[in-house]
Amino acid sequence: MPRFAPAATNSPMVEALLPWFAGAARDLPWRPNSEASVTPWAVLVSEIMLQQTPVNRVLPVFREWIARWPTPGGLAAATPGDAVRAWGRLGYPRRAIRLHAAAAAITSRHNGDVPSDYALLRALPGVGDYTAAAVASFAFRQRHAVLDTNVRRVLSRAVSGTATHGRGSVSAAERRIALEFLPEDAERAATVSVALMELGALVCQARAPSCATCPLAASCAWRRADYPVSELPARPAQTYVGTDRQARGAILAVLRSRTDAVQRRELRLGWADVAQFNRALDGLALDRLIEPVDGDLFQLPS
DNA sequence: TAAACGTGGCG
DNA sequence: TCGCCAAGTTT
């Protein structure tokens, strides 16, 4: 097989996707077409921040973060608490702890350079299959199946003709379809991956796909099948108010606003459910998101 | 494998 | 108003 031949089956889709991406791609600061030089470290930081988090909320935190810690060594030299504070209200703050731990691992194990190898990336704290594939693809231009929620949805619709992808882990079938979709050439495959993500984010959206402007509409299996609806039951309600998660968030918000340690009693102010407060506090300490000092004082980790 | 894990914008 | 959803990972 010629090395540069795209997979024959999906070639028309790739041929339509790439020109669309060239014209529609957003100029995001972690992309190579942005003005600043984009390091593998910046790509890694962006991917961690973008986990379950909209682009618009990531942008300001990312800029601040990269300006302050332009290298893994810089972040590794800071405290975990500095990372949690700089994370602000991005959500899932243990990502900040894990990113800090990843920076330390990169510094000690990889001489301060973000590794390009998928397995080495995957071994870093907070880096799962998606993030390892994304960094290897986008920063190092390798050929990997980059299966985030956007790509899964786009391929599920366009190739398989089904309304939704599975909610759980990526299936072997999904991975095979994704790999078959990618051109053999690694550089081109990396661009296809980011283009699929962009298409899912801007056009083939979860709730309101804009098929009228979709470059894949002509060959889309879902459209051809007249948009069959999802067979999956609705996902369980995502409650937040009144949960332990909210309690953890509130405690952390107080500690982020302080430079010194805070009394347990003060953190508990306004919290009617003492058992829940205690669960939240203990959980945060267990996750190393906060640190007990002298028994009844708590602070961000030093 | 399912559940836990933040936060906020949007229809 | 409120449920859905957003570039997942870990245990």
Side-chain angles (χ1 to χ4, degrees), chain A residues 25-26 28-31 42-62 84 87-99 101-102 121-139 144-155 163-171 174 178 190 193-202 204-210 230 232-256 276 279-280 282-284 286-290:
Chain A
R26 293 167 291 179
L28 301 171
W30 44 83
R31 292 204 175 144
V43 173
L44 175 59
V45 169
S46 75
E47 291 301 338
I48 300 283
M49 289 184 173
L50 286 162
Q51 291 168 4
Q52 302 285 285
T53 310
V55 165
N56 284 336
R57 196 147 10 120
V58 166
L59 282 171
V61 183
F62 171 84
V84 171
W87 199 256
R89 304 186 65 79
L90 260 194
Y92 292 139
R94 45 180 168 205
R95 289 183 294 168
I97 294 291
R98 290 179 181 148
L99 183 51
L121 287 164
R122 181 67 184 77
L124 296 172
V127 176
D129 168 67
Y130 161 75
T131 302
V135 173
S137 289
F138 305 152
H144 293 275
V146 182
L147 288 162
D148 78 321
T149 189
N150 286 305
V151 175
R152 292 178 74 183
R153 184 177 58 252
V154 169
L155 293 180
T164 55
H165 58 75
R167 196 175 296 126
S169 51
V170 173
S171 70
E174 279 184 284
S193 289
V194 71
L196 283 172
M197 291 176 67
E198 193 76 337
L199 187 70
L202 299 181
C204 192
Q205 296 170 322
R207 274 188 282 187
S210 311
S230 171
L232 291 170
R235 80 173 57 183
Q238 191 177 9
T239 55
Y240 180 63
V241 174
T243 61
D244 287 10
R245 272 155 104 152
Q246 187 190 27
R248 290 165 57 108
I251 292 169
L252 221 44
V254 172
L255 289 177
R256 274 199 310 266
Q276 180 177 62
R279 272 199 311 278
D282 292 346
L284 287 170
L286 214 54
D287 291 342
R288 301 303 181 114
L289 278 162
I290 66 174

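Naming: A, B, ... by sequence-line order, numbering from 1 per chain. Just so it is clear, the model here is predicted, and its values are computed rather than measured.
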Open item on the list: My understanding is that only residues two or more places apart in sequence, or in another chain, count here; which of them pass side chain to side chain donor-acceptor pair (under 3.5 Å) with A/R122?
Closed with: none
Open item on the list: Students often get this wrong, so: under 4.0 angstrom with heavy atoms, is A/P93 touching a base, only sugar-phosphate, or nothing?
Closed with: sugar-phosphate
- [ ] Check every strand shown and say whether A/L252 touches a base, only sugar-phosphate, or nothing at a heavy-atom separation below 4.0 Å.
- [x] nothing
TODO: Please evaluate the base of C/dC4 for a donor-acceptor partner in the side chain of A/R207 within a cut-off of under 3.5 Å?
DONE: yes
- [ ] Write down the distance separating the P atoms in B/dG8 and C/dT9, rounded off to the nearest Å.
- [x] 23 Å
Open item on the list: Tell me if the side-chain of A/R245 makes a donor-acceptor pair with the base of B/dT7, cut-off 3.5 Å, by modelled atom types.
Closed with: no
- [ ] Identify whether any heavy atom of A/A206 sits under 4.0 Å from a base atom; if not, whether one sits that close to sugar-phosphate; answer base, sugar-phosphate or nothing.
- [x] sugar-phosphate
Open item on the list: What is the distance, to the nearest angstrom, from the CG atom on A/N56 to the P atom on B/dG8?
Closed with: 14 Å
Task: Side-chain N or O of A/R89 closer than 4.0 Å to phosphate OP1/OP2 of B/dG8 - done: yes
Open item on the list: Can you pull out every side-chain hydrogen bond (donor to acceptor under 3.5 Å, both in side chains) where at least one residue sits in residues 246-256 of chain A? Sequence neighbours excluded, please.
Closed with: A/R248-A/D287
Below 3.5 Å between N/O atoms, which protein atoms pair up with nucleotides 8-11 of chain C? Just atom names and distances, please.
| residue | atom | partner | partner atom | Å |
| --- | --- | --- | --- | --- |
| C/dG8 | OP1 | A/T149 | N | 3.4 |
| C/dG8 | OP2 | A/Q52 | N | 2.9 |
| C/dG8 | OP2 | A/Q52 | NE2 | 3.0 |
| C/dG8 | N7 | A/Q52 | NE2 | 3.3 |
| C/dT9 | OP1 | A/G128 | N | 2.8 |
| C/dT9 | OP1 | A/G128 | O | 3.3 |
| C/dT9 | OP1 | A/T131 | N | 3.0 |
| C/dT9 | OP1 | A/T131 | OG1 | 2.8 |
| C/dT9 | OP2 | A/Y130 | N | 3.4 |
| C/dT10 | OP1 | A/G126 | N | 2.9 |

- [ ] Provide, to the nearest angstrom, the distance between the CG atom belonging to A/L147 and the P atom belonging to C/dA7.
- [x] 13 Å
TODO: Could you check how far CD of A/Q276 sits from C1' of B/dC5, rounded to whole Å?
DONE: 14 Å
- [ ] Provide, to the nearest angstrom, the distance between the CG atom belonging to A/L202 and the P atom belonging to C/dA6.
- [x] 13 Å
Task: Atom-pair distance (CD on A/Q246; C1' on B/dC5), nearest Å - done: 14 Å
Open item on the list: Between B/dG11 and C/dA7, how many Å separate the two P atoms, rounded to a whole number?
Closed with: 15 Å
Task: Donor-acceptor pair between A/Y130 and A/Q51 side chains, under 3.5 angstrom - done: no
- [ ] Please step through side chain to side chain contact (heavy atoms under 4.5 Å, CB included) for the pair A/N150 and A/L199, ending with a clear verdict.
- [x] CA-CA 8 Å; A/N150 286 305; A/L199 187 70; over 6 Å; no
Task: Approximate separation, where rounding is to 0.5 Å, of A/S193 OG and A/H144 NE2 - done: 9.5 Å
Open item on the list: Mind checking if A/R153 touches a base, just sugar-phosphate, or nothing, with heavy atoms under 4.0 Å?
Closed with: sugar-phosphate
- [ ] Mind listing the closest non-hydrogen atom pair of A/V146 and A/S137 along with its distance?
- [x] CG2-OG, 3.4 Å
- [ ] Write down the distance between CG (A/L289) and C1' (B/dC5), rounded to a whole number of angstrom.
- [x] 10 Å
Open item on the list: Rounded to whole Å, how long is the line connecting atom CE of A/M49 with atom P of B/dT7?
Closed with: 15 Å
TODO: Would you name the heavy atoms of A/A280 and A/D244 that are closest together and state the gap between them?
DONE: CB-O, 4.3 Å
Task: Main-chain N/O of A/S210 paired with A/Q205 side-chain donor or acceptor, under 3.5 Å - done: no
- [ ] For A/R57, report the nucleic acid contact type (base, sugar-phosphate, nothing); a contact means any heavy atom under 4.0 Å.
- [x] base
- [ ] Grab the CZ-P distance between A/R256 and B/dG6 for me, whole Å please.
- [x] 10 Å
